[in-house]
**Q** 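The structure under discussion is supplied below as structure tokens; questions concerning it will follow.
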Number of protein chains: 2
Amino acid sequence: MNKKQLIMEKSLELFAQKGFEGVSIQQITDYCGISKGAFYLSFKSKSELIVALIDDFMMQIVDDIDHSVKNSTSNENLLYEFYFTAFHSTEKHSDITKILIKEETHPFNKDLLHKMIYFEELIKNTIIALVEKLYGDELKHMKYDLVYCIRGFIKTYSQFLLFHQIPVDISLLSRSLAEKTSLLARHSSIPFITKDLMEVTKGLIPEEPTKEQLANLLEQKISELENSVQKESLELLSQELLEPSLQRALIKGLIENIRLHPHCKEISYLLRNYFKM
Amino acid sequence: MNKKQLIMEKSLELFAQKGFEGVSIQQITDYCGISKGAFYLSFKSKSELIVALIDDFMMQIVDDIDHSVKNSTSNENLLYEFYFTAFHSTEKHSDITKILIKEETHPFNKDLLHKMIYFEELIKNTIIALVEKLYGDELKHMKYDLVYCIRGFIKTYSQFLLFHQIPVDISLLSRSLAEKTSLLARHSSIPFITKDLMEVTKGLIPEEPTKEQLANLLEQKISELENSVQKESLELLSQELLEPSLQRALIKGLIENIRLHPHCKEISYLLRNYFKM
DNA sequence: TATAATAATGACCAACCAGTCATATGTCAA
DNA sequence: TTGACATATGACTGGTTGGTCATTATTATA
């Protein structure tokens with residue numbers, strides 16, 4: 001296996017158990033069965049590993065949730081599906097989620113801090129899209145308040161799922177929260193979180209990447225991948241980016257194709273936003 | 001000033017900024033203007049300092065909240081008052097609250113872990129008392145679900161208050177949450193957190209102290225205190241504990257007296273429970 | 001097979017840590 | 001003034017850390 005990949009996957013387990021500062025490079029290399037020096041051939045420092053981890057795995061969760069919101073056809077079960085996807089994804093990627101929760105309150109590194117703020121912003125944008133899809137302009141001044149509540153629900157119950165080793169009925173939880181959310185949306189009238197307050201807490205604007213940046217990212221991914229449907233899809237999307245010609249349905253299909261590859265989630269997410277799918 | 005007290009107060013600031021593991025004994029002693037050796041005259045180890053901190057300051061918050069619930073006369077504004085007290089108290093003791101939030105997900109020490117579980121349990125008990133006072137048996141199967149939601153609200157918004165340095169209208173926040181809570185209590189029907197689920201997550205039962213333990217604790221506090229109304233009150237309560245004679249109103253008054261002393265909050269809380277006030 | 005290039009090793013380094021202890025300073029009473 | 005006791009000091013120990021680098025092993029090329 002790719003050594004970089006090996007280190008990332010093994011260290012993820014350790015970090016989830018003991019937090020970043022609780023795991024030494026020595027422990028990681030022992031666990032991987034490699035030497036300490038070999039580690040530094042793959043990563044310049046411990047921080048770089050951590051940032052790489054967050055980058056890679058974080059996007060898988062964001063993409064899962066965002067995809068479920070953007071691709072739901074009926075509004076009937078949207079709330080339920082949203083919560084279900086969110087909890088399902090946090091369980092599937094429980095290691096990285098544990099890390100995100102653990103390090104959230106004192107990220108030991110500037111880079112890491114920025115990644116986490118960026119992550120938070122993406123999730124928030126998805127929730128905003130969800131709320132707008134469901135309630136349009138009905139909510140008005142309660143909109144951002146509701147968004148923050150939903151985010152709070154997800155955080156609170158994710159923590160419950162991850163830190164108590166009890167088998168839990170996610171479906172029930174999602175129904176319960178969907179009901180609660182719907183209640184709050186329809187009846188609450190005193191907003192605490194306003195648009196202004198939410199802006200202030202932003203900290204970092206997740207800049208939309210330019211067409212050129214996207215093209216470069218695609219180029220890079222293409223060179224990394226083996227020949228496969230995903231590679232072909234990426235190449236077609238790369239062409240489409242530079243010279244638009246395909247119909248929307250085709251583009252959407254291509255983006256769906258690359259979503260299947262776990263390390264193309266970020267690209268998939270960015271393209272979906274770029275092509276406004 | 002008492003050296004032990006000095007160390008506790010100064011180190012609290014540092015810990016709140018950087019977390020327990022981010023602060024060395026050397027940094028603490030430098031910040032206090034004492035030598036490293038002097039630290040170990042007051043505390044056997046770093047852990048002991050941390051446990052002492054949690055013990056002392058944690059109870060101040062628990063007592064504040066518990067007191068507001070147990071002493072409210074009308075149910076009209078109880079929810080609002082409860083939230084207001086909770087947020088007011090977390091702001092007043094922002095340093096210790098930051099520590100509690102930061103260390104919650106990976107307490108670096110068994111003792112600390114137990115303290116935190118104990119703390120969580122006390123808060124939960126207070127919320128249960130709140131819910132029962134407000135809704136009695138009406139809620140039935142939604143009771144524990146509501147309790148968990150309330151706890152979630154407090155955590156979510158405490159984090160918001162403490163980690164964004166924005167001036168915030170706690171009163172508005174409390175009204176907003178009181179409305180939300182009331183909505184959930186009256187209309188939600190799908191419980192996720194059941195009594196069983198809440199039991200499982202307990203981990204540690206906060207054992208009610210026996211009469212003898214309480215008496216010892218009182219004795220100790222009495223010897224620590226200077227002559228004052230508080231000391232007198234403690235002595236009277238100590239007598240009352242061994243040979244009941246006073247009327248409830250008098251006992252209640254005495255307990256109120258000792259609440260005024262910041263380091264008698266725990267005693268006050270325990271006595272209030274013992275005498276079922 | 002010989003040579004060059006790349007991958008991997010682990011002893012080593014400086015920095016930091018919690019905790020110790022011989023020594024020094026201050027403070028009483030006799 | 002003396003001596004006994006409590007208080008305070010900071011150099012020191014043993015251990016861990018992230019990170020380096022001269023050396024060795026492996027692979028590719030010719």
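Per chain, numbering begins at 1; letters A, B, ... match sequence-line order.
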**Q** Which residue pairs satisfy the salt bridge (charged side-chain N to carboxylate O under 4.0 Å, His left out) criterion with at least one member in residues 33-44 of chain B, sequence neighbours excluded?
**A**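 Listed by first then second residue: B:Lys44-B:Glu48.
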
**Q** Does anything in residues 97-106 of chain A form a side-chain hydrogen bond (donor to acceptor under 3.5 Å, both in side chains)? List the pairs, not counting sequence neighbours.
**A**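 For residues 97-106 of chain A: A:Glu104-A:Lys155.
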
**Q** For B:Phe39 and C:dC17, give me the distance from atom CZ to atom P, rounded to whole Å.
**A**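 B:Phe39 atom CZ is separated from C:dC17 atom P by 14 Å.
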
**Q** Can you list the residues that meet the salt bridge (Lys or Arg N to Asp or Glu O under 4.0 Å) rule with B:Asp64, with sequence neighbours excluded?
**A**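 Residues passing salt bridge (Lys or Arg N to Asp or Glu O under 4.0 Å) with B:Asp64: B:Lys92, B:Arg259, B:Lys265.
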
**Q** At what angle, to 10 degrees, do the two end axes of the helix from C:dT1-D:dA30 to C:dA30-D:dT1 meet, given five pairs define each axis?
**A**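 What I find for the helix from C:dT1-D:dA30 to C:dA30-D:dT1 is an axis angle of 10°.
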
**Q** Should the side chain of A:Lys3 and the base of C:dA7 be counted as holding a donor-acceptor pair, with the cut-off at 3.5 Å?
**A**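 Under the 3.5 Å cut-off, the side chain and the base do not form any donor-acceptor pair.
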
**Q** With B:Phe43, which residues qualify under ring pair (Phe, Tyr, Trp, His ring centres under 6.0 Å), at least two apart?
**A**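 Result, ring pair (Phe, Tyr, Trp, His ring centres under 6.0 Å) vs B:Phe43: B:Phe39.
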
**Q** Using ring pair (Phe, Tyr, Trp, His ring centres under 6.0 Å) as the criterion, list what pairs up with B:His67, not counting sequence neighbours.
**A**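 Scan of B:His67 (ring pair (Phe, Tyr, Trp, His ring centres under 6.0 Å), adjacent residues dropped) gives none.
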
**Q** So, do B:Leu100 and B:Met116 sit near enough that their side-chain heavy atoms are less than 4.5 Å apart?
**A**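 Yes, close enough: below the 4.5 Å cut-off.
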
**Q** Does anything in residues 41-54 of chain A come within less than 4.0 Å of DNA chain D? Heavy atoms only, and list the residues if so.
**A**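 Contacting residues: A:Ser45, A:Lys46.
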
**Q** Taking the side chain as every heavy atom from C-beta outward, state whether B:Ile123 and B:Ile154 have any atom pair closer than 4.5 Å.
**A**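 Sidechains of B:Ile154 and B:Ile123: no contact.
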
**Q** Compare all side-chain heavy atoms of A:Tyr274 with those of A:Leu214 and state whether any distance is below 4.5 angstrom.
**A**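 The answer is yes; the side chains approach within 4.5 Å.
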
**Q** For residues B:Val168 and B:Tyr157, determine if any side-chain heavy atom of one lies less than 4.5 Å from a side-chain heavy atom of the other.
**A**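 Side-chain contact under 4.5 Å: no.
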
**Q** Under 4.0 Å from any atom of DNA chain D, heavy atoms only: list the residues of residues 16-31 of chain B that qualify, in numerical order.
**A**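 Those residues whose heavy atoms fall under 4.0 Å from DNA chain D, taken from residues 16-31 of chain B, amount to none.
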
**Q** List for me each residue that meets side-chain contact (heavy atoms from CB on, under 4.5 Å) alongside A:Ser47, sequence neighbours excluded, and say none if there are none.
**A**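 If we apply the side-chain contact (heavy atoms from CB on, under 4.5 Å) test to A:Ser47, skipping adjacent residues, the hits are A:Ser45, A:Asn109.
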
**Q** For DNA chain D, note the earliest and the latest nucleotide, 5' to 3', having some atom under 4.0 Å of a heavy atom belonging to chain B.
**A**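 Boundary nucleotides touching chain B, in 5' to 3' order, are D:dA8 to D:dG10.
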
**Q** What residues, two or more places apart in sequence or in another chain, satisfy side-chain contact (heavy atoms from CB on, under 4.5 Å) together with A:Ser94?
**A**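 If we apply the side-chain contact (heavy atoms from CB on, under 4.5 Å) test to A:Ser94, skipping adjacent residues, the hits are A:Leu162.
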
**Q** For residues B:Gln27 and B:Tyr31, determine if any side-chain heavy atom of one lies less than 4.5 Å from a side-chain heavy atom of the other.
**A**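 No, side chains not in contact.
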
**Q** Suppose we screen for ring pair (Phe, Tyr, Trp, His ring centres under 6.0 Å). Which residues come up paired with B:Tyr269, at least two apart in sequence or across chains?
**A**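 Partners of B:Tyr269 by the ring pair (Phe, Tyr, Trp, His ring centres under 6.0 Å) criterion come out as none, since no residue qualifies.
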
